[in-house]
Amino acid sequence: MTISRGSRLAGLLLPAGFLLASACGRTFTAADFVERTRIVASRVVPEADPTRAWLLPGEHATVELLVVSPGVSDALDAVLTACPASLTDPQGGAASPPRCAAPDFSVPPSSLAPALAPRLSFELDVPVDIPTGLTDELLVFVGSCIGAGPPVLDTRLPGVTCPADARAELYDVAVHVLASALGANHHPSLSDEPFTLNMEDWGEPPADLPLENCVATPSSPGLPHVSASHPAPMIELACSADDLEMYPAFDADRHAIVARESLTIRHYVTSGSMPGTTRIDEASELMGTVTWTPPAAMTLPAEGTLVRFWFIASDHRGGTDWVERDLCLTP
């Protein structure tokens with residue numbers, strides 16, 4: 001199977017004119033429902049400063065990718081190739097996917113065995129001589145084969161080819177490269193912020209999540225029990241003022257101003273339905289609420305259903321963080 005036009009991967013800063021989760025050639029399902037193994041977000045983490053979202057020439061960094069699945073994931077093989085964005089094909093046009101005229105460097109492939117909480121990442125070294133500035137970016141292609149591999153990545157098309165029984169997905173992302181860390185954007189942090197479910201603390205899930213018969217696991221902040229017969233649960237999430245950085249910008253009249261970030265929280269869930277996003281900013285007093293609607297009680301087994309949620313924060317300048325929350329749903 002070959003995919004020749006890829007989905008934009010949420011979580012990294014994209015060049016102007018590009019869209020997140022481009023519909024052209026996408027293999028993603030609806031943004032708020034997880035019914036199969038897929039990659040839904042990414043971020044770059046420099047070794048010298050893991051809080052920074054932008055890169056410096058010559059530094060070592062990790063590209064982290066969030067893989068979601070309703071249960072145990074499918075096997076996944078992935079490859080990554082990167083190049084300075086200045087090498088993209090100038091003949092492509094604004095509506096075309098970015099291309100490398102010649103791949104600058106590749107990193108060793110990565111693979112995932114089936115797991116409940118798989119982790120996919122790549123280690124890379126930014127070229128010392130890469131162009132730097134607010135208009136200079138490192139372009140990253142990630143090709144994956146879900147189900148079997150290995151993928152063959154062609155950045156000139158661009159495209160990814162997999163064995164016939166695997167699902168091929170191609171992503172392209174870009175991140176700023178600066179000469180100095182001064183003024184660089186940073187990742188927001190959801191992991192140290194409070195989450196509540198129906199006004200009760202909702203913590204990180206336990207390491208040994210029960211795939212079946214979750215009612216046998218006592219209710220806890222990491223795995224609360226929720227009845228589908230009760231009113232739809234309310235989820236409340238928050239950020240801190242430090243997550244909304246100030247940055248130079250221009251107003252509608254092109255006057256220089258100092259703007260403040262807002263966060264868009266994207267929601268993914270394995271059962272039921274909920275809005276796709278929540279916005280958090282100063283006007284919302286750094287808080288966001290969302291209602292999750294579970295499936296009908298009559299459709300649920302008495303032993304309970306494990307429901308998994310992922311919340312992905314983006315500051316729209318390349319900063320990203322994500323957390324998982326889970327619950328046991330009963331009739």
With distance as the sole test, does [X] use its side chain to make a donor-acceptor pair with the main-chain N or O of [Y] at under 3.5 Å?
{"X": "Ser227", "Y": "Pro331", "answer": "yes"}
{"X": "Arg308", "Y": "Ser69", "answer": "yes"}
{"X": "His267", "Y": "Asp32", "answer": "no"}
{"X": "Ser42", "Y": "Glu64", "answer": "no"}
{"X": "Ser144", "Y": "Ile146", "answer": "no"}
{"X": "His176", "Y": "Glu137", "answer": "no"}
{"X": "Asp251", "Y": "Asp253", "answer": "yes"}
{"X": "Asp321", "Y": "Leu190", "answer": "yes"}
{"X": "Glu324", "Y": "Glu204", "answer": "no"}

Is it possible for you to say whether [X] and [Y] belong to one hydrophobic cluster, with membership spreading through side-chain heavy-atom contacts below 4.5 Å?
{"X": "Leu306", "Y": "Val215", "result": "no"}
{"X": "Val107", "Y": "Val175", "result": "yes"}
{"X": "Leu124", "Y": "Leu178", "result": "yes"}
{"X": "Leu116", "Y": "Leu76", "result": "no"}

Measure the shortest side-chain to side-chain distance between [X] and [Y] over non-hydrogen atoms and say whether it is less than 4.5 angstrom.
{"X": "Ile265", "Y": "Thr277", "value": "no"}
{"X": "Val269", "Y": "Val34", "value": "no"}
{"X": "Leu327", "Y": "Leu197", "value": "yes"}
{"X": "Val226", "Y": "Cys328", "value": "no"}
{"X": "Ile235", "Y": "Thr289", "value": "no"}
{"X": "Leu80", "Y": "Val63", "value": "yes"}
{"X": "Pro57", "Y": "Thr132", "value": "yes"}

Would one find more than 12 heavy atoms of other residues, nucleotides or ligands at under 6.0 Å from atom [atom1] of [X]?
{"X": "Met199", "atom1": "CE", "value": "no"}
{"X": "Asp201", "atom1": "CG", "value": "no"}
{"X": "Glu212", "atom1": "CD", "value": "no"}

Which heavy atom of [X] sits nearest a heavy atom of [Y], and at what distance?
{"X": "Asp326", "Y": "Pro224", "answer": "O-CD, 3.4 Å"}
{"X": "Asp243", "Y": "Pro188", "answer": "OD1-CA, 3.5 Å"}
{"X": "Cys145", "Y": "Gly149", "answer": "CB-CA, 3.9 Å"}
{"X": "Leu223", "Y": "Pro206", "answer": "CB-CD, 4.3 Å"}
{"X": "Pro210", "Y": "Thr217", "answer": "CG-OG1, 3.6 Å"}
{"X": "Thr291", "Y": "Ala232", "answer": "CG2-CB, 3.6 Å"}

message: I'd like to check the salt bridge (charged side-chain N to carboxylate O under 4.0 Å, His left out) partners of Glu282; sequence neighbours left out, ordered by chain and number.
response: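 Only Arg260 meet the salt bridge (charged side-chain N to carboxylate O under 4.0 Å, His left out) criterion with Glu282.
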- prompt: When Trp310 is tested against each of Val323, Val40, Thr270 for side chain to side chain contact (heavy atoms under 4.5 Å, CB included), which residue passes?
  reply: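 Result: among Val323, Val40, Thr270, Thr270 is the only option passing the side chain to side chain contact (heavy atoms under 4.5 Å, CB included) with Trp310.
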field: His60 and its side chain to side chain contact (heavy atoms under 4.5 Å, CB included) partner, picked from Leu55, Val126, Asp125
entry: Asp125
field: Ile312 CD1 to Thr320 OG1 distance, which is reported to the nearest 0.5 Å
entry: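 Going from the CD1 atom of Ile312 to the OG1 atom of Thr320 covers 8.5 Å.
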Value rounded to 0.5 Å, distance of NE2 in His225 from CG in Leu329: 10.5 Å
Between the side chains of [X] and [Y], does any donor sit under 3.5 Å from an acceptor?
{"X": "Thr62", "Y": "Glu123", "result": "yes"}
{"X": "Thr51", "Y": "Asp49", "result": "yes"}
{"X": "Arg266", "Y": "Ser314", "result": "no"}
{"X": "Glu261", "Y": "His316", "result": "no"}

message: Testing Phe195, Trp292, Trp322 one by one against Phe311 for a ring pair (Phe, Tyr, Trp, His ring centres under 6.0 Å), which residue passes?
response: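 Per the ring pair (Phe, Tyr, Trp, His ring centres under 6.0 Å) rule, the option paired with Phe311 is Phe195, out of Phe195, Trp292, Trp322.
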query: Under the criterion ring pair (Phe, Tyr, Trp, His ring centres under 6.0 Å), which of Phe33, Tyr268, Trp202 is the partner of Phe309?
result: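 So the option named by the test is Trp202.
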message: Salt bridge or not between Arg38 and Glu169? Use side-chain N to carboxylate O under 4.0 Å.
response: no
task: Taking only Lys NZ, Arg NE, NH1 and NH2, and the carboxylate oxygens of Asp or Glu, determine whether Arg52 and Glu59 approach each other closer than 4.0 Å.
output: yes
